[in-house]
Amino acid sequence: MQTKKILLSGLFSLLLFSCSNEEASVATNSAATSKTTAKMQAQNLALTATDWTSGSLSTAIVPVNNLKHLEGDLSGTPIWKSNNPEVIKGNGWLMQNARTDSTRGGSSNPLSGTFGIYLFHINKSNATKYLHVLISNPQSTAVTVSGKGSIYTNNEKPLNGIGTGQSYFVSKDRLLNTPRTTFNNVSINSFKVYEVYKTQLLDGNMVDGSYEVTASQGVYVYTVVTSSGSLTDAVNATQTPASGDIYTESTNAYGREAGIYSASGWMGSTPITLPTGPAYMGLCLNTSSKFATNGIYLQNQNAPYLYKLNGASQNTYGNYGHKYSITLQLTNPNSSAKTVSLSFASNFTSTTNSPSFTYNGPIYLNGTLKNIYTTPTQPKQTLSTWNIPANSNFNATISFYVPGLITTGQQLILEQSN
């Protein structure tokens, strides 16, 4: 409660200072404890020739209960997430780590060092709104912040298929390190605020954003909605939660994220020995262990919460804004060359398509940029095919940021044709 008093007493001084950059599903079982780390599951996951399924893949994707685990672990910095309420219906704050709220809960959890920010919201207020990302200084002395990242709306980046849309460009900017905005060594005095970014949201607009921030001491972060776009109004709005649709996690629902989560990525290398003849293998990618499929829980690649608001997800289901850095270490011990293809696929399939059940994002495969676009009716995309000589090794190195507005749960498919 002391933090709330500090912020309230400093509210008028906050209004006197600003820095702004110029631009302007249903399952039957729940997995065990949500805070089990992925590292506990990912031990000695070298895959041998016997882990492959003989023959050709006859279905669109590998059945999810047959997927193998990736060697690896959670990685990266903690990440601050604003996605609950996902739907905006009024003015106020959407997410904050500054104090306890009588309805949304929370507490004072200042962030220092390097951390991520990810946000995704939809304006359904029947009016034009402005989204502000603010960093405030609750310390008694000045703090220094630096950061980089991008925020786009679908008004700026319309979603029209592969390589389009606000979420695609946010992920691409992070992957290529071409941020829309940067700020370096910005000094924020005690009880003052810095506006990282502000964007206009027409009614019905979606907004996606991802940043990496470094703070010299503990700071608070807010996503705030106003009608005017005024920083003064934004600071005033930090005192009241915005109205919107809260999607609460439950036994049969992932919910949405609003909190600080322990990690913002997944990193690892998986040794894989090639078989003697035609075969295939599917690998878990961006998967959760919340639900079971045919009694099998998939590999948990989600980060648990460190801090969350009431109703928010306990884990980063979907891993939106997270960075994957993985290597498949392929070994051919055979006396002849083997032809192996790699595909990217989504686990959700259907006879109809919907934008929220696509995967639309860029990846690097061995340094080459590729655009991934899968849908429920076409869930698989071949990335590359290699001829791996006898008694040799080959590495497939993959990196990407998980885009927003996708279906959670993907797989990597290896297919050997000879």
Side-chain angles (χ1 to χ4, degrees), residues 25-27 57-67 83 86-87 118 120-124 152-172 175 202-208 210 245 247 252-257 280 282-288 290-291 293-294 298 301 313 316-322 324 341-363 365 369-384 398 400-413 415:
S25 137
V26 176
L57 180 62
S58 59
T59 53
I61 62 172
V62 176
V64 294
N65 53 310
N66 291 337
L67 296 178
N83 184 220
E86 181 176 68
V87 171
Y118 179 76
F120 183 90
H121 295 284
I122 306 170
N123 179 17
K124 291 188 178 180
Y152 294 106
T153 70
N154 64 317
N155 187 53
E156 299 172 297
K157 301 291 185 181
L159 179 58
N160 297 312
I162 184 171
T164 66
Q166 72 290 330
S167 300
Y168 171 88
F169 281 97
V170 167
S171 295
K172 185 177 181 180
L175 183 62
L202 302 178
D203 187 45
N205 274 180
M206 298 179 287
V207 59
D208 193 298
S210 176
D245 294 340
Y247 296 104
N252 296 323
Y254 288 120
R256 299 289 191 276
E257 297 155 309
Y280 64 89
L283 298 162
C284 291
L285 186 70
N286 188 26
T287 50
S288 166
K290 181 175 175 65
F291 303 130
T293 302
N294 296 328
L298 298 183
Q301 297 176 5
S313 300
T316 58
Y317 307 121
N319 286 336
Y320 307 110
H322 290 213
Y324 270 73
S341 65
L342 174 66
S343 298
F344 185 107
S346 289
N347 294 338
F348 180 77
T349 62
S350 178
T351 57
T352 59
N353 291 327
S354 170
S356 60
F357 290 103
T358 63
Y359 187 102
N360 183 15
I363 72 166
L365 174 59
L369 185 68
K370 295 179 177 290
N371 289 328
I372 305 297
Y373 190 76
T374 66
T375 66
T377 61
Q378 296 183 335
K380 175 186 172 186
Q381 180 176 329
T382 300
L383 301 180
S384 192
I398 302 164
F400 62 93
Y401 283 85
V402 180
L405 198 65
I406 64 158
T407 178
T408 182
Q410 280 71 47
Q411 58 180 262
L412 293 173
I413 302 175
E415 295 176 86

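Computation of the quantities below employed the complete heavy-atom set of this structure, encompassing side-chain atoms and omitting hydrogens, waters and symmetry-equivalent molecules.
- A side-chain donor-acceptor contact under 3.5 Å links Gln381 to the backbone of Tyr373.
- The backbone N or O of Asn371 sits nowhere less than 3.5 Å from a side-chain atom of Tyr168 that would complete a donor-acceptor pair.
- Considering all non-hydrogen atoms of both residues, Gln301 and Asn286 come closest at OE1-N, 2.7 Å.
- Of all heavy-atom pairs between Ser167 and Pro403, the closest is O-CB, 4.0 Å.
- Taking both residues in full, the closest heavy atoms of Phe348 and Thr407 are given as CB-OG1, 3.8 Å, listed atom of the first, atom of the second, then distance.
- For the atom pair CG of Asn154 and CD1 of Ile122, the computed distance is 9.0 Å after rounding to the nearest 0.5 Å.
- Taking the side-chain contact (heavy atoms from CB on, under 4.5 Å) definition, one finds that Asn83 meets it with Glu86, Phe120, Arg256, sequence neighbours left out.
- Side-chain contact annotation: Thr358 with Thr375, donor-acceptor N/O pair under 3.5 Å absent.
- Remark: Asp203 pairs with no residue by the salt bridge (charged side-chain N to carboxylate O under 4.0 Å, His left out) rule, at least two apart or across chains.
- Ser346 approaches Thr374 most closely through the heavy-atom pair OG-OG1, 3.0 Å.
- When all heavy atoms are compared, the tightest approach of Ser171 to Pro362 is CB-CD, 4.1 Å.
- With hydrogens and angles disregarded, a donor-acceptor distance shorter than 3.5 Å links the side chain of Tyr320 to the backbone of Ile406.
- Minimum heavy-atom separation, Thr349 to Ile61: CG2-CD1, 4.0 Å.
- Among residues two or more places apart in sequence or in another chain, the side-chain contact (heavy atoms from CB on, under 4.5 Å) test is passed with Asn160 by Pro158, Thr164.
- For Lys124, the NZ atom sits in a loose shell: 12 or fewer heavy atoms of surrounding residues, nucleotides or ligands are nearer than 6.0 Å.
- Although no hydrogens or angles enter the test, the distance criterion places a donor-acceptor pair under 3.5 Å between the side chain of Ser313 and the main chain of Tyr254.
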